Number of protein chains: 2
Amino acid sequence: MPRTTDGDGTPVPQRLLAAATRLFAEQGYDRTSVQEIVEAAGVTKGALYHYFGSKDDLLHEVYARVLRLQQERLDAFADSDDPVESRVREAAADVVVTTIENLDDASIFFRSMHQLSPEKNKQVRAERRRYHERFRALIEEGQRTGVFTKETPADLVVDYHFGSIHHLSTWYRPDGPLSPQEVADHLADLLLRALRP
Amino acid sequence: MPRTTDGDGTPVPQRLLAAATRLFAEQGYDRTSVQEIVEAAGVTKGALYHYFGSKDDLLHEVYARVLRLQQERLDAFADSDDPVESRVREAAADVVVTTIENLDDASIFFRSMHQLSPEKNKQVRAERRRYHERFRALIEEGQRTGVFTKETPADLVVDYHFGSIHHLSTWYRPDGPLSPQEVADHLADLLLRALRP
DNA sequence: TCGTACATACCGACTGGTTAGTCTGGTGCC
DNA sequence: GGCACCAGACTAACCAGTCGGTATGTACGA
């Protein structure tokens, strides 16, 4: 019997993370017991506490994964040579698509942040802020160069758009009429139209 | 000793509700124990379970209060004789102001809905839907009469705007640079600009 | 090619603490 | 005397995390 896998081929830590993600999204962090997680992953508590320091650690891992992914994608779009308008549109649409494609992560992200331990919460907020500021810088660039209206503070614009991202996990259903890309295009349109001078 | 009041003049049920609201907003529903609530209200469990059937009931009361308030206000704006554009702007701005003025209720509303018992959750969703539809009807009216663009489905527009409402409790701080009314005006501006044909 | 030593990966019973809700009883008003 | 109002001890369930133990693999000297 190999060490880190069992049953199917995926390593135990990943199985635990996947089970935890699904259960946290379905029932919420506090309502999900460690026992449920290990049963869903087909292992026992011993395995979980071998790989993770605490239940809190598991939640933190989910956050780290999401944050890394989103930041990487934003950076890629922001660094391109396209005009600001395109960069904003692409970044705004992309975050919608990736959020919908990882709706479980998203609902955990926005619902369970305050259940992280204070220090981990602080850390997550700091990374989140980096993301926010990168996006804001894009908006500000557009405002300086006259492509976007200056009527609304860039900070507010970012919060406006991310509100809708935040909200996706509340209303979006995969079996609904719109594909992730269609929703993304519409939401990016709304943002860009709101920014027209 | 009078029946329903004690210590200060406010009746016990209201004291319980106020204490619960504050604690739910601060710590979340699951992390708040019934013991904490009764201590904050200056009574004991006997009193709480005399007036409320369960901890869940208490949460439901918070929802009922918020829903009633918001629906009343929306109806008032929607029923006016002003042009659609004004009605949408006023309704959109008003919900921002009342949300900020009751930020505790708002954060509970958006964070703890899924911890309600299934039937109460269903009930809340139904009332929420009524609200959504009333707002959507306003947008659709504007689209029919050519005041608003038809490019984005009205449903999506409503979700877009309510995403930003939803998000308010995450970022708005009373000691920040913007007053509730200023935030409301900006957010309403963004919506109206996004709706320009 | 054994044998010993050590590390990694995991099991599952157990512990100490917490929790929502119940129940018995008491008190003052009508 | 009855009823609304409330106190607070009690119960049954649950839960995160611990810990001693087992099984498997790897390194290495003789």
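Everything quoted here is computed from the prediction, not taken from an experiment. Atoms considered below: every heavy atom in the structure, side chains included; atoms not considered: hydrogens, waters and symmetry mates.
The side chain of His50(A) sits closest to dT8(C) out of dT8(C), dC11(C), dA20(C). Of the candidate nucleotides dC11(C), dT18(D), dG21(C), dG21(C) has the atom nearest to the side chain of Ser54(B).
Screening Arg134(B), Arg73(B), Arg87(B) against Asp79(B) for a salt bridge (charged side-chain N to carboxylate O under 4.0 Å, His left out) leaves a single residue, Arg134(B). Each of Phe109(A), Tyr63(A), Tyr29(A), Phe110(A) was checked for a ring pair (Phe, Tyr, Trp, His ring centres under 6.0 Å) with Phe24(A), and the lone residue meeting it is Tyr29(A).
The closest side-chain donor-acceptor pair between Thr152(B) and Arg193(A) falls under 3.5 angstrom.
Atom CZ of Arg31(B) is separated from atom P of dG17(C) by 19 Å (rounded to the nearest Å). Distance Tyr49(B) OH to dT24(C) P: 17 Å, rounded to the nearest Å. Rounded to a whole Å, the CG atom of Asp30(A) is 11 Å from the P atom of dA20(C). Distance CD (Gln115(A)) to P (dA16(D)): 13 Å, rounded to an integer number of Å. When rounded to the nearest whole Å, the span between CZ of Phe52(B) and P of dA20(C) equals 15 Å. dA16(D) atom C1' lies 13 Å from atom CD of Glu36(A), rounded to whole Å. Protein atom CD of Gln27(A) is 14 Å distant from nucleotide atom C1' of dC15(D), rounded to whole Å. To the nearest angstrom, C1' of dA4(D) lies 17 Å from CG of Leu48(B).
Annotation: salt bridge (Lys or Arg N to Asp or Glu O under 4.0 Å) contacts of Glu26(B) (sequence neighbours excluded): Arg22(B).
Counting atom types as modelled, Lys45(B) pairs a side-chain N or O with a base atom of dG21(C) as donor and acceptor under 3.5 Å.
With DNA chain C read from its 5' end, the first of the two nearest nucleotides for Lys55(B) and Gly46(B) is the one closest to Lys55(B).
Nucleic acid contact for Thr44(B): base, since at least one base atom lies under 4.0 Å from a heavy atom of the residue.
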